[in-house]
Amino acid sequence: MANFAKPSAPRFSVEVYQNEFLPEGGRDVHAIVTVTSTGGATATRAAVPAQGGAAVVIMVDCSGSMEYPPDKMRGAREATAAAVDTLRDGTAFAVIAGTHVAKEVYPGQGRLATAGPATRAQAKEALRGLSAGGGTAIGTWLRLADGLLRQSPAAIRHGILLTDGRNEHEDPAVLRATLDACAGRFTCDARGVGTDWEVKEVTGIASALLGTADIVADPAHLAEDFTRMMGNAMGKEVADVALRLWTPVGVEIQYVKQVAPAVQDLTGRRAEAGPRAGDYPTGSWGDESREYHVCVRVPGASVGQEMLAARATLMLPGAPGEPPSALAQGLVRAVWTTDLAASTAINPQVAHYTGQAELAQAIQQGLEARKLGDVDGATAKLGRAVQLASASGNADTAKLLAKVVDVVDAAAGTVRLKAKVADADEMTLETRSTQTVRVKKT
């Protein structure tokens, strides 16, 4: 492990957990790469702005369905006001009303305001005028947010998006193209309020823009959620950090996945970064820790040989005209042995997060089978999910599963589908299916 961070900046570290031993002919190497950022403003609770500043755009669904019931629109106004109150002084910000078109609510005229007592008060006054009417075209909201954020020199560029319905007034291809265009330019947290929105749309937005997704079934809880989201955004201090993987000749990267705090496949997001090196985006960081599962395929080798299978380096973009800098580094190794006990042992971290990824997949497949009326398939997949959640100590997911199935034997994965399940319970389970728990401390 190496740490290259400057003393004045948040300190990054990289730790690699793996079983480096392979049997003769073994080729696949698995490693959990733990990345930790410490010593920043989040840790000290100091109101210190991110290096280069921050800019935030809040996108509020104002389509006609937000008026039914009326507490949705009221909750959205109150939540946005709470988020504005959470803005740190000096943060650039704007508010957008989203329908089948996107409109600037505050400050208007294609500008961003600078957070302070006066602008916060003005923004909250402008929110009083929000009303529901029109359709839903989320791509237009994101494009306007992108345009506003791109004019800011802020290092941290973040969006918060709230919707209560499906993206019915826009071709899905348009939203996908918009997400592709915005990826890497800003991060975005997405929230669905009520139960009439599409889980895959909301989680897809958050995944593409390296943010979080969640359900707020009761509009009364929106203000609390928005305050927490904005507080997290204000805690970000370093933007556009990439996990760079360098591999020797003959080594192939099979996949790269974030596995904690949530499962997110980064394999397809590789950006070439020189000979045999590729960058995988990780977004913005505050005081936090995340874990990544890296799988590489090495050439076959004889017993007794060893090699560097991959080098994982955290990279921070340089200022215009300057090269990126390395923040921390870890090494993935491969050693061939005839010791059966050594080569067949599974590293506890690798085993745990492989199970957490399977848990997320089992939930998603089980719920899909349930929607299609495949009782046997749904029972099998959700039973496996219960078993995995129980074994890994994922109590939150276990509680959500218990609202969809009757658990007969958690350890064995024996369950029965419930005859009736509330929409909110099913959507909560699906939305939060990718959230994981850390390896149990021993």
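For the numbers below, each heavy atom of this structure counts, side chains included, while hydrogens, waters and symmetry mates do not. Everything quoted here is computed from the prediction, not taken from an experiment.
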Do [X] and [Y] pair up side chain to side chain, a donor and an acceptor below 3.5 Å, judged on atom types alone?
X	Y	answer
Gln356	Ser392	yes
Thr163	Asp61	yes
Arg143	Thr178	yes
Glu288	Ser37	no

Whether [X] side chain and [Y] backbone form a donor-acceptor pair below 3.5 Å:
X	Y	value
Ser390	Gln387	no
Ser152	Leu148	no
Glu201	Ile205	no
Ser65	Gly165	no

Electrostatic pair [X]:[Y] at N-O distance under 4.0 angstrom:
X	Y	value
Glu198	Arg166	yes
Arg384	Glu358	yes
Arg120	Asp89	yes
Lys257	Asp265	no
Glu426	Arg370	yes

How about NZ on Lys72, more than 12 heavy atoms from neighbouring residues, nucleotides or ligands closer than 6.0 Å, or not? yes
Enumerate the residue pairs fulfilling ring-ring contact (aromatic ring centres under 6.0 Å, His included) with a member in [range], sequence neighbours excluded, ordered by first and then second residue.
range	result
residues 114-134	none
residues 258-290	Phe12-Trp285
residues 127-169	none

For [X], what residues pass the side chain to side chain donor-acceptor pair (under 3.5 Å) criterion, not counting sequence neighbours?
X	value
Thr397	Asn394
Asp225	Arg191, Arg228
Thr34	Glu291
Asp214	Arg432

If you compare all heavy atoms of Ala83 against all heavy atoms of Ile58, which two are closest, and at what distance to 0.1 Å? CB-CD1, 3.9 Å
Measure across Leu316 and Ala239 and return the closest heavy-atom pair with its distance rounded to 0.1 Å. CD1-O, 3.4 Å
Could you tell me if the side chain of Leu87 sits less than 4.5 Å from the side chain of Asp85, heavy atoms only? no
Less than 4.5 Å apart, side chain to side chain, heavy atoms only: is that true for Arg157 and Asp240? yes
By ring pair (Phe, Tyr, Trp, His ring centres under 6.0 Å) - contacts of Tyr255 (at least two apart): His293
His352: what forms a ring pair (Phe, Tyr, Trp, His ring centres under 6.0 Å) with it, not counting sequence neighbours? none
Which of Thr313, Leu308, Val251 passes side-chain contact (heavy atoms from CB on, under 4.5 Å) with Trp246? Answer is Leu308
Considering residues at least two apart in sequence or located in another chain, which fulfil the side chain to side chain contact (heavy atoms under 4.5 Å, CB included) criterion with [X]?
X	value
Lys103	Val101
Glu430	Val199, Lys200, Leu367, Lys371
Gln122	Tyr106, Ala118, Thr119

